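As structure tokens, the structure follows; a few thoughts come after it.
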Amino acid sequence: MNIHHYDCIVVGGGHAGVEAALASSRMGLKTLMVVINIETIGQMSCNPAIGGVGKGQLVKEIDALGGEMARAADKTAIQFRQLNTSRGQAVRSSRCQSDRMGYKLYMRRVVEHQKNLDVRQDKVAEVLVKDGRVRGIKTGIGTEIYSQAVILAPGTFLKGRLHIGLTTFAGGRIGEPASDRLAQNLKDLGLETLSFKTGTPPRLDGRTIDFKKLESQFPDKNPVPFSFSTKKINQKLIPCHIAHTNEKTHEIIRANLNRSAMYSGVIKSTGVRYCPSIEDKIVRFSDKKSHQVFLEPEGIDTFEYYPNGISTSLPFDVQEQLVHSIKGLESARIIRPGYAIEHGVVVPTELYHSLETKKIQNLFLAGQINGTTGYEEAASQGIMAGINAALKIKGKDPFILERHQSYIGVLIDDLTTKGTDEPYRMFTSRVEYRLIVREDNADKRLSGYGYEFGLIEKRDYSKICRKYAAAEKEIEHLKKTYVSPSKSLDAVLGKINSSPLKRSMTLSDILKRPGVTYDMIAPFDGKLKKLPATVIDQVEYEIKYEGFIQRQLKDVQRFKSIENIKIPPDFDYSRVSGLSTEIRQKLKKFSPLSLGQANRISGVTPAAISILMIYLRKKVPSAEAR
């Protein structure tokens, strides 16, 4: 029997697995990535897009930590769009269409050229554990590979079941096998599991689509890259198109619900509430006469299109009928059928915030195995699991991002503290401190950590530091520089219906006015500067939102008053009088590491938090973090 040794083994080569393996190897660990099929490393299993509302922020944060997703998106994008541009900067999100094949090839090339990282095509059957600690893995052909840490990132392969109509078969993706033995192994190891559902629409042949009947959605003229290291997007960008379902479409679906895997009772798992199948939309929103369908190109060198909005588990003949009922798709040919997939999930409250399991030391989980949906959520967990596995092996404290520091912090805190009873998707509305953790300042917030861990080069980190030093210097200058009323300034303000100056004002106060930009006030400075656009953006955001930002920073300080009260991992809640049996049981089950985490557990009352706070301050001197 062959025996191999690694510092860290990553199981899975999807978005979570790629980021985990790259982070681990870049931090100096001899790392092995085990995948069922090497050809699918970095595969975009569902829609050919990166980012979106709440998700664009995650991609920027992955980049700021030294991850790869943003760079891959920039290199392979075929369309860029900034979402929510009519709203405040706090909720603006980036999204791009990617060339599916190009993205996958980019990621495989990066993985294969990464120092300290080996790739092996095999199927993992077991996680080897001894005395509550990971020892390695056992593959389907019986090979044992030992390691100090294991990161599981199996995506939808864990006991995956595919559904097309009433036909059901095993698989992690269509045409690829499921990981049934590994799913059973995790149950045998004592991890609590459940099942979630996701799905995908049929793929269409673009040569058979009548685009003249559809609305075009063109890319932004000046695309904003995802990665802070990308200077400019130079490749060819192409449009998407918008179609709509109609009453005929809905009639076809209603008439065949008994043949849908979901509505016939074949599927019993919980699906994605925020990205429902077309069957689910028709049933849940029965009063709606039409639903949008975004026709997204799969790439530059393919005719394949992804009709975002008609994910389905209906039989193939019904899929053809519903597609042909849509204007512009009357003659569209289906290249691949849509399908639903049920897959195994480990209850995420089984994890610490480091993404290490509570029951098995040095076993980390990342991605859809933790109950999330989406490439960006998976990649976020992947890089955090990779970092924390490396830190654990090096004997260092775990890297935990707080809710006020990042979207990633909110994502992981929500999962590990509250759990989820449906596939979890990130939204801006989940983030309390949106003005502090914007897309544009992710590098300021997180690149210091990336540099500390060796994931960001010194020259790149120095460039980020210089950018924010220049912005801070200019902000201070604008706050100290007064301008007097003048006809030329009044003329500029008048063009945007802003009232003329009645007295001398600082340039920063003028910039705070709605509609006023830095370029408008720069000529009146007396010291015209040619600052980079990225610096000007930071100057504008920080000045315009200063009052709101200061209020959120005060909220953060109030939040820290309980968040910083630590709870020992082995704390005995039975010693605290006044807590109900139910609350004691919940606290014992979730094992919160701080009073803030305990406060976010469903069912733990404010009164219980007060009792616990008093007890900790009196009886546990080390509880108050300084």
Side-chain angles (χ1 to χ4, degrees), residues 56-57 60 64 80-94 220-225 227-233 433-445 447 461-554:
Q57 284 87 342
K60 293 274 190 176
F80 275 92
R81 286 180 66 83
Q82 277 272 309
L83 308 179
N84 289 339
T85 53
S86 62
R87 302 172 64 187
Q89 184 61 29
V91 294
R92 289 183 187 176
S93 303
S94 298
D220 291 342
K221 291 183 178 179
N222 297 302
V224 179
S227 177
F228 294 101
S229 62
T230 301
K231 293 181 179 179
K232 189 177 180 181
I233 302 299
Y433 307 110
R434 293 188 290 276
L435 279 171
I436 299 173
V437 292
R438 308 183 306 271
E439 255 199 16
D440 62 272
N441 69 356
D443 55 344
K444 180 182 182 180
R445 292 182 279 115
S447 64
Y461 181 58
S462 297
K463 187 189 297 184
I464 292 167
C465 292
R466 288 196 298 271
K467 178 176 86 172
Y468 285 99
E472 289 171 12
K473 183 178 179 181
E474 182 62 6
I475 288 169
E476 286 304 308
H477 171 71
L478 296 179
K479 286 182 175 181
K480 294 176 180 177
T481 304
Y482 283 82
V483 293
S484 301
S486 68
K487 290 182 179 180
S488 55
L489 179 56
D490 288 347
V492 170
L493 296 174
K495 289 180 180 179
I496 58 168
N497 296 318
S498 187
S499 59
L501 263 63
K502 295 182 178 179
R503 55 180 176 78
S504 294
M505 292 182 68
T506 63
L507 288 170
S508 64
D509 283 337
I510 298 173
L511 185 54
K512 286 180 181 179
R513 292 187 176 192
V516 176
T517 66
Y518 180 87
D519 290 340
M520 291 179 185
I521 63 170
F524 303 96
D525 187 352
K527 295 180 180 178
L528 188 60
K529 307 174 188 67
K530 291 185 177 181
L531 296 173
T534 53
V535 172
I536 293 173
D537 287 344
Q538 289 305 310
V539 170
E540 287 190 350
Y541 301 152
E542 291 295 326
I543 287 178
K544 283 183 175 294
Y545 293 103
E546 183 179 33
F548 299 103
I549 290 171
Q550 290 303 317
R551 282 199 287 274
Q552 285 206 346
L553 289 173
K554 289 179 181 177

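Along the sequence shown, residues are numbered consecutively beginning with 1. Everything numeric in this text was worked out from a predicted model, so none of it was measured.
- Listed by chain and residue number, Thr85, Arg92, Ser94, Asp220, Val224, Glu439 satisfy the side chain to side chain contact (heavy atoms under 4.5 Å, CB included) test with Gln82 (two or more places apart in sequence, or in another chain).
- In plain terms, the two heavy atoms of Phe80 and Pro225 that are nearest each other are CE2-CA, 4.3 Å.
- Taking each heavy atom of Leu507 and Ile521 in turn, the nearest pair found is O-CD1, 3.8 Å.
- Val516 and Lys544 get closest at one heavy-atom pair: O-NZ, 2.8 Å.
- The salt bridge (Lys or Arg N to Asp or Glu O under 4.0 Å) search around Lys444 returns none, not counting sequence neighbours.
- Under the 4.5 Å side-chain criterion, counting only non-hydrogen atoms from C-beta, Gln57 is not in contact with Val437.
- For Asp440, the salt bridge (Lys or Arg N to Asp or Glu O under 4.0 Å) partners two or more places apart in sequence, or in a different chain, are Arg438.
- Minimum interatomic distance between Ser484 and Ser504 (heavy atoms only, all atoms of both residues): OG-OG, 3.3 Å.
- Distance check: Tyr433 OH to Leu553 CG gives 10.0 Å after rounding to the nearest 0.5 Å.
- Distance check: Lys467 NZ to Lys463 NZ gives 10.0 Å after rounding to the nearest 0.5 Å.
- With a 4.5 Å cut-off on side-chain heavy atoms, Ile549 and Tyr541 do not count as touching.
- If you take NZ on Lys480 and OG on Ser508, they are separated by 11.5 Å, rounding to the nearest 0.5 Å.
- Asp443 and Tyr468 share a donor-acceptor pair across their side chains, judged by distance under 3.5 Å alone.
- Contacts classified as side-chain hydrogen bond (donor to acceptor under 3.5 Å, both in side chains) and involving residues 488-498 (residues at least two apart or in different chains) are given here: Ser486-Ser488, Ser498-Arg513.
- Distance check, rounded to the nearest 0.5 Å: CD1 of Ile475 to CD of Glu540 gives 10.5 Å.
- The CD1 atom of Ile536 sits 12.0 Å away from the NZ atom of Lys530 when rounded to the nearest 0.5 Å.
- When side chains are defined from C-beta on, Glu474 counts as touching Asp525, because their heavy atoms get closer than 4.5 Å.
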Test Lys512 against Ile543 for side-chain contact (heavy atoms from CB on, under 4.5 Å), laying out the working first. CA-CA 6 Å; Lys512 286 180 181 179; Ile543 287 178; 3.7 Å; yes
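- Scanning for salt bridge (Lys or Arg N to Asp or Glu O under 4.0 Å) contacts around Glu476 gives an empty result, with sequence neighbours left out.
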I would like to know whether Phe524 and Ile510 meet side-chain contact (heavy atoms from CB on, under 4.5 Å); could you show each step before the answer? CA-CA 11 Å; Phe524 303 96; Ile510 298 173; over 6 Å; no
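- Scored by the salt bridge (Lys or Arg N to Asp or Glu O under 4.0 Å) test, Arg445 finds Glu61 as partners (sequence neighbours excluded).
- Atom CG in Asp509 sits 11.5 Å away from atom OG1 in Thr481 (nearest 0.5 Å).
- Asn441 places no side-chain N or O within 3.5 Å of a backbone atom of Gln538 that could act as its donor or acceptor partner.
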